[in-house]
Amino acid sequence: CVADTRAEAEDIAAAVEVDFEELPAVHDMLLAKRPDSALLHEHWGDNIFLETFVDVNMEAAYDAPIKISREISTARQSMAPMEGRGTVAMWHKRMDQLVLYTGNQQPHIVRNGLSECLGLEQIQVRIVSPDVGGGFGYKGIVLTEDVCLGWLAKRCGYPVRWIEDRREHLTAGANCREHHYNITVYADRDGKLRGVECEATVDSGAYSSYPFSACLEAAQVASILPGPYDFPSYRCRTWSVATNKCPILPYRGVARTGVCFAIELMMDAIARETGLEPYEVRLKNLVQPEQMPFDNITKKHFDSGDYPESLRQALAKIDLPALRERQKKPEADGRLIGVGLSVYCEQGAHGTSVYAGWGIPMVPGHEQATARMTPDGGLELRVGVHSHGQSMETTLPQVAHEILGIDTAKIKLVHGDTEYTPYSTGSWGSRCAVMAGGAVATASRELGKLVLGIGAHLLQTDISNVKLVDGVVVGPSGSVTLQEVAYTWYRRPQDLPPSVDPRGLEVTIGYKPVRDSGTFSYASHIAVVAVDPEMGDIELLDYVIVEDGGKLINPMVVDGQIYGGLAQGIGTALYEEMNFDASGQPLASTFADYLLPGPTEVPEPKLGHMETLAPYTEFGVKGLGEGGAIAPPGAIGNAVNDALKSLGAEIRHSPITPRRVLEAIAEANSKPRAKAAEGVLA
């Protein structure tokens, strides 16, 4: 509905009456798998998008002395970026071009989708994506509103705008992270893991969202459930299930947050069964540094790292013996103290070799960058990725400065506009520092060669006699600045020899890591909590993170990424839940219903860094943008269970709300009474 103001358009929409036949809703992913379920897409014959299966030597683990089974689940979430989505479209008659301003992480992918949907040539579509105010995966798709507004702008001849409000975001936008696990672990009495067996179901919503597949989460579960652990037997079957809910998207951490929650709760269950400390069980099972590079049981290629050292450093930041002593004495306020661990690894910056088999229309290839020196000796970088909180305007100029020596204040980054940037699949999957950083480094080196050629001529020497040092071309008997080199190329070409490289001072070049199966950053998280057994309330008393992202381009930026991810991980662990009723209607339409953590709920973590260089990338960098959000549910869940173990209660669902804490305590309290009742009946 189109009008001069939003209010008028809403009035028109309210006047529209639709007469439709109501069909049974498919609202529960587990019920939707049953043969007698109502069908969402009748012509399918079932409600399954995709089923995946991995089986590696599972029978060999069945004779293990310890077998532990659990049903674990995570709630559906909304991404909730601070700034919602928005689109402005106009048809430029003189240019015969649709210009679309939209907050999106993948401008070139949006152009692909719009040109296909609207039947336009690529040159007829220009996408401009300004500062998007946080993306988290939610702003990585082609919106239905993008298509509608593009069509309207061309048909009506005037600009049109759509701005998403929070109610629309919560009730009609994409969701994420609704997982269910039936998981069994097999272990020896010394805590050594023998095998993992799992059936995992993911609620994928009603449809796929371009360019991501509705199957992405569940398919990844099967391949990444083993996490950072080394064990010989594995079986996992997953289902991507269709329901009458919003589509799911790969939210920060993608499937890793759910699988980390599941496997880390099971590692603590092994510790309780064996009487070992949870950290001891993990140290027995983590991939060891001398095994690197390591191909795990699902053929994930761990490039480098020292996972046990990360855990040891995290433990050193808390006084675990003192906390264990504290647990032996009652707290004055009656609360229970708990300590929880969570270790994960994050595959980031995975490229062609991984995505080619996934059947989605955004397979990454070489990531390109343009480096252009300006006539006054400055530098302009053009990249197809998009910055939505990663501070690429800071880090990518740092990369160029490292090679060319140009002051970062004189380096401008151009991104977010398909008219001026090289093609890219955009920002997702913790890829920008690795892929775009590598492309900027490669382009800067090539530009440096061109600079040296002109500089050598100005110094009247051979190019083999000069080198670039801190933005100055230095020769045997003198030096020239980059400003002089640039001035000569642009303003005094008569001073150049006929043999000068015609590329001048501009380079566009692509980059792929030596091996593009992805980098593997990792971290250990430790949470200390206080749980009120009367109210179910949980307070985070302390939080520790020790991460390894390879070479850190800018540690301050890395800290910011981890802090932001931690806040979102705490939301997943304790607060955020997108419920639907039995008719498929969303029950949370405001922030009064959908709870987000605020400043008082997010403690300042004790943060430590390790730097194990990646062997296949420029400078040894790894992707780590999603890591902070992956481990908190596992660490906090284990901490709560550690606090409740004296009561015999155990949490297996996130978010861990006061109601669920009290229900777990009540369930534990009912077990002895149930056994006594059985004895009386006998």
Side-chain angles (χ1 to χ4, degrees), residues 13 16-53 71-79 138 141-145 147 167-183 198-222 236-251 254-255 258 262 359-360 576-589 593-594 652-655 660:
V16 175
E17 293 184 2
V18 180
D19 183 19
F20 60 90
E21 178 186 355
E22 187 171 342
L23 299 175
V26 181
H27 75 283
D28 184 307
M29 61 179 171
L30 300 182
L31 297 178
K33 290 162 56 178
R34 290 168 38 172
D36 59 346
S37 171
L39 297 179
L40 194 70
H41 306 288
E42 286 86 351
H43 61 286
W44 288 9
D46 59 24
N47 291 312
I48 308 300
F49 279 104
L50 181 71
E51 182 179 339
T52 61
F53 183 60
E71 184 177 355
I72 296 170
S73 57
T74 62
R76 196 175 191 84
Q77 286 184 243
S78 173
M79 284 80 158
Y138 181 61
I141 63 172
V142 176
L143 303 174
T144 52
E145 291 81 7
V147 178
R167 189 180 298 272
E168 289 169 331
H169 168 74
L170 288 169
T171 60
N175 297 154
C176 59
R177 282 190 183 157
E178 187 173 2
H179 293 199
H180 180 275
Y181 301 87
N182 282 315
I183 184 169
C198 181
E199 291 188 345
T201 307
V202 175
D203 189 326
S204 297
Y207 309 101
S208 282
S209 292
Y210 185 97
F212 294 106
S213 165
C215 309
L216 188 62
E217 285 260 324
Q220 282 203 303
V221 166
C236 185
R237 189 184 301 274
T238 74
W239 291 270
S240 304
V241 179
T243 65
N244 283 109
K245 297 177 185 175
C246 303
I248 65 164
L249 288 180
Y251 176 45
V254 199
I360 55 180
E576 299 182 48
E577 187 166 15
M578 192 69 207
N579 284 317
F580 286 75
D581 66 16
S583 61
Q585 296 302 309
L587 299 179
S589 62
D593 311 301
Y594 188 86
R652 302 172 188 175
H653 183 89
S654 71
R660 291 194 172 101

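This is a predicted model, so every value here is computed, not measured.
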For this session: Report the relative orientation of the aromatic rings in His43 and His41; use parallel for angles under 30°, tilted for 30 to 60°, perpendicular for over 60°.
Result: perpendicular
Only counting residues at least two apart or in another chain, list the ones meeting side-chain hydrogen bond (donor to acceptor under 3.5 Å, both in side chains) with [X].
X	value
Ser208	none
Ser209	none
Ser589	Arg167

For this session: Show the numbers, then the answer: is there a side-chain contact (heavy atoms from CB on, under 4.5 Å) between Asp46 and Glu51?
Result: CA-CA 12 Å; Asp46 59 24; Glu51 182 179 339; over 6 Å; no
For this session: Check for a donor-acceptor pair, side chain of Asn244 on one end and backbone N or O of Leu40 on the other, with a separation under 3.5 Å.
Result: no
Considering residues at least two apart in sequence or located in another chain, which fulfil the ring pair (Phe, Tyr, Trp, His ring centres under 6.0 Å) criterion with [X]?
X	value
Tyr210	none
Phe212	none
Tyr251	none
His180	none

Spacing of [atom1] belonging to [X] relative to [atom2] belonging to [Y], to within rounding of 0.5 Å:
X	Y	atom1	atom2	answer
Arg76	Lys245	CZ	NZ	5.5 Å
Tyr181	Thr238	OH	OG1	9.5 Å
Cys236	Ile183	SG	CD1	8.0 Å

Problem set entry | Note: Arg177-Glu576 ion pair, threshold 4.0 Å (strictly below) | no
Under the salt bridge (charged side-chain N to carboxylate O under 4.0 Å, His left out) test, which residues partner [X], sequence neighbours left out?
X	answer
Glu199	none
Arg660	Glu577
Glu145	none
Asp36	Arg34

For this session: Only pairs at least two apart or in different chains count here, so list each salt bridge (Lys or Arg N to Asp or Glu O under 4.0 Å) that has a residue in residues 19-33.
Result: none
